[in-house]
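Reminder, nothing fancy here: chain letters follow the sequence lines and each chain counts from 1.
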Protein chains: 2
Amino acid sequence: MDRRSFLATTMTSGVIAATSGAATSVAAAEMDVSGLTKANIPTPALVVDLNAFEANIQKMADHCRQAKIGYRPHAKTHKCPQIAKRQVAAGAFGVCVATVPEAEAMAAVGISGILLTSPIVDAGKIGRMVALASGGGKVMLSIGHPREAELLAAAAGAAKTQLDVLVDLDVGDKRTGILPGESAVELARQISRSKNLTIKGVQAYAGHASHTIGFEARQRVSREAIAKAVETKGLLQRAGFDAQILSCGSTGTYNIDSTIEGVTELQVGSYVFMDVDYRRIGSRDGNAVYSDFQPSLTVLTTVVSATHSERVTVDAGTKALDTTTANIPQAKNRPGLLYAKNGDEFGAVNLEPGGKLPAIGERLEFIVPHCDPNVNLYDRIYACLGDKVEAIWSVAARRENAAGKI
Amino acid sequence: MDRRSFLATTMTSGVIAATSGAATSVAAAEMDVSGLTKANIPTPALVVDLNAFEANIQKMADHCRQAKIGYRPHAKTHKCPQIAKRQVAAGAFGVCVATVPEAEAMAAVGISGILLTSPIVDAGKIGRMVALASGGGKVMLSIGHPREAELLAAAAGAAKTQLDVLVDLDVGDKRTGILPGESAVELARQISRSKNLTIKGVQAYAGHASHTIGFEARQRVSREAIAKAVETKGLLQRAGFDAQILSCGSTGTYNIDSTIEGVTELQVGSYVFMDVDYRRIGSRDGNAVYSDFQPSLTVLTTVVSATHSERVTVDAGTKALDTTTANIPQAKNRPGLLYAKNGDEFGAVNLEPGGKLPAIGERLEFIVPHCDPNVNLYDRIYACLGDKVEAIWSVAARRENAAGKI
């Protein structure tokens, strides 16, 4: 897709979803972006640099094509149908999602091949996923506990709906999934006793590998974790299951996991935006900065107080700049300025050697420490070329927004 | 207001605001709460215990009445018009707000006496505040820098609108405001050169005092900070300004600042909800737990993975439980269970001595570490009596929601 058609796609979809209903089609005119620039949109604002963003989309597409591996990018990162559509257009199988509202928001814009990677164990959420499948949406669930299998089988049976299922494996991060090996095979047998559920393979998210610093160390951790999934996939096949899929990987391990025999698709997420946490894990060629993908996501802020000679205050605190990880926001193109938390509404920007303190009213952009929870703080993303706003994208699947469901 | 009329108020307002428009009046039927309980609402969910919440509202009202001091509670804590209305009904002057969308959301439900405590320095936001005042809303702004004064004077003059103003003082937390003393008097002189702006007093938020642990230490820090504001208010009066208001205080210093001669109103916020951060600052009578107000706000979660013998996984990670401060979420009524961060989507719950690990599908509630940013993660609050949902309140002023403004 060339620049012109890409922009045409994104610009016609510069819409905001209403809170209620699955509508993502509020008239574009309501969110007219003409005249909007980084100088006049209200701050704090979530901004995407379209050049960096497009390059990231393309680079992952190229990598997977060359590596002959599939990918189903994780939409938990962006919760944004416009971005998901762009990923699918570039060659992704579909998208992974972490929540039912995300699944609903993606299905609402016609995205097929939606894999829910999180366990769900309550009747309401299970019913909503079955309803998506019954409505003709192509959805797949991952199951990591006998109780999940029991509930899903009952709901799918009652609705006379067929669902594809992956066995979710805990390959070391102790978060979700069943232990690999015989436990997983036993769970698969239970699942397959339901006529409505079909085993398609395994999922193995190695959260402990994705942010391991240093390529060699990261490769070691990821290979060790994924080996368990490869082995379990083999066990399932030998037990007679048509287990073709092994879904795993992250932005940190995309070029590791895609070389492992048996892996069929990647669940990469952060690559579209990048963040400070990922920038520091180091690249394959030994660079301390992980520069495989470009930081495209920033929070635009305004200097609102300038009383002191060594610091100013910007209008982005913990409600606007995620600070749940160990890293701090990095001022973009402004060396010598150091962000520090200063409450829920404000951030301090301290002067360091070589820096120049901005004046009141000046705008500063910060690369976010961790992209996923930072996007979750906003309802919209300003997609920019240079300083010009080209489109406004809706973070339509943010928490309770999607489909207005209670 | 008795229980019956209180519930009548809250239940008729169990509505969700649409994303676009200032409408907070989507038909209540759309959010029918009949049959909803803590056992069946989708998790993670933000829940308020109405008994504890009401007691907190009442206790602050009683305290201020007995101390003969005013209060203008800070709506940045809840961003919720239904809660603001309840605070005003209990005797508050109005509400403080931290953002322009908050001001708009509060004005939209008829709340008067809105004080914007944050500095704003861009034409769009200033224009929106002037528009609120022009529309008959009673709003007041706080100004801490000559540039703010210049921009506001120009906008108010162009709109031929009168605005009341407090001089925002930096009394020690180096966040916003001008330095107390002669700098503040000079700023007041500049402000008063505009026919459209009227000095009403000073604002002095001592963020460094609010969470000081131990009552005596907290009192020392707060008295030292507020003394500067009292002195500056005196300077303004002697310079001829009708500076009657001194607005300051927090949930941590409400019973300190209300005893300081010259303070006229409190900006208390967190008292309606409480949180782990405030629970640990200690009370006046020497208790380690600050029990002046009751924890009313929790995040309801579901155990979604139970693969290991020493821990389970709940469906609330950094996107659902604010972890931007040093404290961790506390399991409510479940001793021996310790929450630990486990990514954006999930939390680990580890077994401690004396605890009993919950089963998959069980629901656990957690008292939040810090209430303000935690509310900011949600669009709605489930107001409950026991396990029953009595109303759903809209977090209508969450970031870009209010008025659908770009």
- Could you tell me which of A/D173, A/V121, A/T324 has the largest number of non-hydrogen atom pairs under 4.5 Å with chain B? A/T324
- Are any of the side-chain heavy atoms of A/C371 and A/T77 separated by less than 4.5 Å? yes
- Task: Indicate whether the side chain of B/T43 and that of B/D315 have a donor and an acceptor atom separated by less than 3.5 Å.
- Result: yes
- Item | salt bridge (Lys or Arg N to Asp or Glu O under 4.0 Å) evaluation trace for A/R398 with A/D379 | CA-CA 7 Å; A/R398 214 200 120 265; A/D379 290 328; 3.7 Å; yes
- Message: When you measure from the side chain of A/Y205 to the backbone of A/T176, do you find a donor-acceptor pair of N or O atoms at a distance under 3.5 Å?
- Response: no
- Message: Quick check on B/N374 against chain A: is it the side chain, the backbone, both or neither that has a heavy atom closer than 4.5 Å?
- Response: neither
- Heavy-atom proximity to chain A below 4.5 Å, by part of B/N342: both
- Message: Less than 4.5 Å to any heavy atom of chain A: does that hold for the side chain of B/T302, its backbone, both, or neither?
- Response: side chain
- Query: Any luck finding a side-chain donor-acceptor pair between A/D32 and A/S34 under 3.5 Å?
  - Reply: yes
- Message: Report which part of A/A306 has an atom under 4.5 Å of a heavy atom belonging to chain B: side chain, backbone, both, or neither.
- Response: both
- Query: Of all of A/D322, A/T323, A/T318, A/N40, which one pairs up most often with chain B through heavy atoms under 4.5 Å apart?
  - Reply: A/T318
- Message: Looking only at the side chains, is there a donor atom on one of B/H145 and A/T307 sitting less than 3.5 Å from an acceptor on the other?
- Response: no
- Query: Is there side-chain contact between A/R380 and A/S394, with at least one heavy-atom pair below 4.5 Å?
  - Reply: no
- Contact origin within B/A359 toward chain A - heavy atom pairs under 4.5 Å: neither
- Among side-chain atoms of A/D170 and B/H308, is any donor-acceptor pair under 3.5 angstrom? yes
- Backbone N or O of A/Q203 within a donor-acceptor pair of the A/S142 side chain at under 3.5 Å? no
- Note on the structure: Honestly, the part of B/E362 sitting under 4.5 Å from a heavy atom of chain A is neither
- Query: Considering only heavy atoms, which portion of A/K174 lies under 4.5 Å from any heavy atom of chain B: side chain, backbone, both, or neither?
  - Reply: both
- Is chain B contacted by the side chain of A/K76, its backbone, both, or neither, given a heavy-atom distance below 4.5 Å? both
- In terms of heavy-atom pairs under 4.5 Å with chain A, which of B/G347, B/G144, B/G177 leads? B/G177
- Query: Where the side chain of A/T117 meets the backbone of A/V97, is there a donor-acceptor pair that is under 3.5 Å apart?
  - Reply: yes
- Note on the structure: Assert top hit (heavy-atom pairs under 4.5 Å, partner chain A, pool B/G361, B/S118, B/A39, B/A123) equals B/S118
- Query: A/D372 versus chain B, heavy atoms under 4.5 Å apart: side chain, backbone, both or neither?
  - Reply: both
- Which bit of A/V303 is near chain B, if near means a heavy-atom gap under 4.5 Å: side chain, backbone, both or neither? backbone
- Under a 4.5 Å heavy-atom cut-off, does chain A meet the side chain of B/R147, its backbone, both or neither? side chain
